[in-house]
Amino acid sequence: MQRTAGNAAVTAVIQRMEAPGGKRKRSKSPEEQEPAKQAREAGSSSEEEEWEEQFSADSVERISRQQTKITAMLEQADNEGISQQAKNKAQDMLDILSLLKNLAPLRSVETVREAIRLVREKPDSKTKTTYLEKLEDQLEYLAQDFPSAGPPTEDTLEAMWPQLTPAFGSSGGQVGEDGCEDRAHAICLAIAERDPAIAANHLSKQWATSSGGRVHADHQWRHHVAASVTTADGVLVIDPVFSRSGPLELSEWADRVQVNKDTNVHQTAWGFLGRPGDDNRPDQLSATEYSPH
């Protein structure tokens, strides 16, 4: 009897947890889209073709509350006599919620695409279907509010350099000490605040990995990561460990980290804090929550 009651409680909790997010509005024809675009550029309040952000601060807070509730429920699962099937269903839901909460604010097209890939790998469920729809809507939101005007120039990146330098010490220590993950992420967030369109379309991270040993003869890192921007002239890396005065070309950065650019440098979506998986693509473990120091 206890097992039946426990299973019913888990099912009820999961069914009540509807994903947050706003409604979307489309214009009715291609002819209406261009006037709507012009109206937005002129500062109009037109609602045509308006897509709402799916992972706003309020939405992420709701995800966090759901995450906390399911975590507590799973911690009591054995005492409540909950079946393994019910626990698996709750864990699958928790994995999706944790992934999206840790990736918030999801202001990068590639981050959203990778999140879609990872959610698609989960077992079928209402939660999976709901959040896949919201991730697709987030892509529409990014395309609408932060469209790409083409790759930025090196001059554009150098012009924002003074706004990036406060993030150089965001590893919890001095530049050059361990903590490259936090530092790279803080720099990405600084770029997103300064120029959301660049962050949405041209910002990434470069991960330097070893082929069995350590990275860099002096530092002996397990890996190293830095923010990068794909410009009209190529990929430029922002890494104050090796240059505090300006960005480095990708090949020069790889040389300074002492790795082979072609085999041991991997570009990933910047929303993932943790190291990519064995296939050099982000996985569930790569979606680590960022806690500013």
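Along the sequence shown, the residues carry numbers beginning at 1.
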Residues pairing under salt bridge (charged side-chain N to carboxylate O under 4.0 Å, His left out) where one sits in residues 265-286, two or more places apart or in two chains, turn out to be Glu114-Arg281
Test item: Trp253 and Ser228 side chains (from C-beta on) under 4.5 Å apart, heavy atoms = no
| request: Inspect the surroundings of CZ in Arg222 and state if more than 12 heavy atoms from other residues, nucleotides or ligands are less than 6.0 Å away. | output: no
query: Below 4.5 Å, heavy atoms only, C-beta onward: do Leu103 and Leu99 meet side chain to side chain?
result: yes
| Any chance the side chains of Thr156 and Thr153 put a donor and an acceptor closer than 3.5 Å? | yes
* Asked: Do the two ring centres, one from Trp207 and one from His266, sit under 6.0 Å apart?
  -> no
| said: Quick check: Trp221 with His219 (ring centres under 6.0 Å apart)? | reply: yes
Exercise for the section: Please determine if Lys87 and Glu75 form a salt bridge, counting it only when a charged side-chain N lies under 4.0 Å from a carboxylate O. Expected result: no
Thr130 side chain to Lys126 main-chain N or O, any donor-acceptor pair under 3.5 Å? yes
- Query: Take atom CD in Gln258; do more than 12 heavy atoms of anything else shown fall under 6.0 Å from it?
  - Reply: yes
For the residue pair Trp161 and Arg244, establish whether any side-chain heavy-atom pair is separated by less than 4.5 Å. no
Notebook entry, point to check: Crowded around Glu61 CD? As in, over 12 foreign heavy atoms under 6.0 Å?
Noted result: yes
**Exam field: side chain Glu110 to backbone Thr268, donor-acceptor pair closer than 3.5 Å** = no
Can you see whether Gln206 engages Lys261 through a side-chain donor-acceptor pair at a distance of less than 3.5 angstrom? no
Quiz item: Does atom CD of Gln220 have more than 12 heavy-atom neighbours, drawn from other residues, nucleotides or ligands, at distances under 6.0 Å?
Solution: yes
request  = Please report the C-alpha distance between Lys101 and Gln66 in whole Å, then the side-chain angles of each, then the deciding distance to 0.1 Å, and finally whether the side-chain hydrogen bond (donor to acceptor under 3.5 Å, both in side chains) criterion is met.
outcome  = CA-CA 11 Å; Lys101 176 178 177 289; Gln66 293 175 349; over 6 Å; no
Is there a donor-acceptor contact under 3.5 Å linking the side chains of Gln54 and Gln138? no
Under the criterion salt bridge (Lys or Arg N to Asp or Glu O under 4.0 Å), I'd like the reasoning laid out for Lys128 against Asp124: C-alpha separation, chi angles, the key distance, then a yes or no. CA-CA 6 Å; Lys128 173 181 176 178; Asp124 290 340; 3.0 Å; yes
With distance as the sole criterion, is a donor-acceptor pair present between the side chains of Asn264 and Ser210 under 3.5 Å?
no
Could you go step by step and tell me if Thr231 and Glu154 meet the side-chain hydrogen bond (donor to acceptor under 3.5 Å, both in side chains) rule?
CA-CA 6 Å; Thr231 72; Glu154 183 175 355; over 6 Å; no
Any link between Val225 and Val229 through a network of hydrophobic side chains (Ile, Leu, Val, Met, Phe, Trp, Tyr) touching at under 4.5 Å?
no
Checklist line | Polar side-chain atom of Trp270 near backbone of Ala199 as donor-acceptor pair, under 3.5 Å | finding: yes
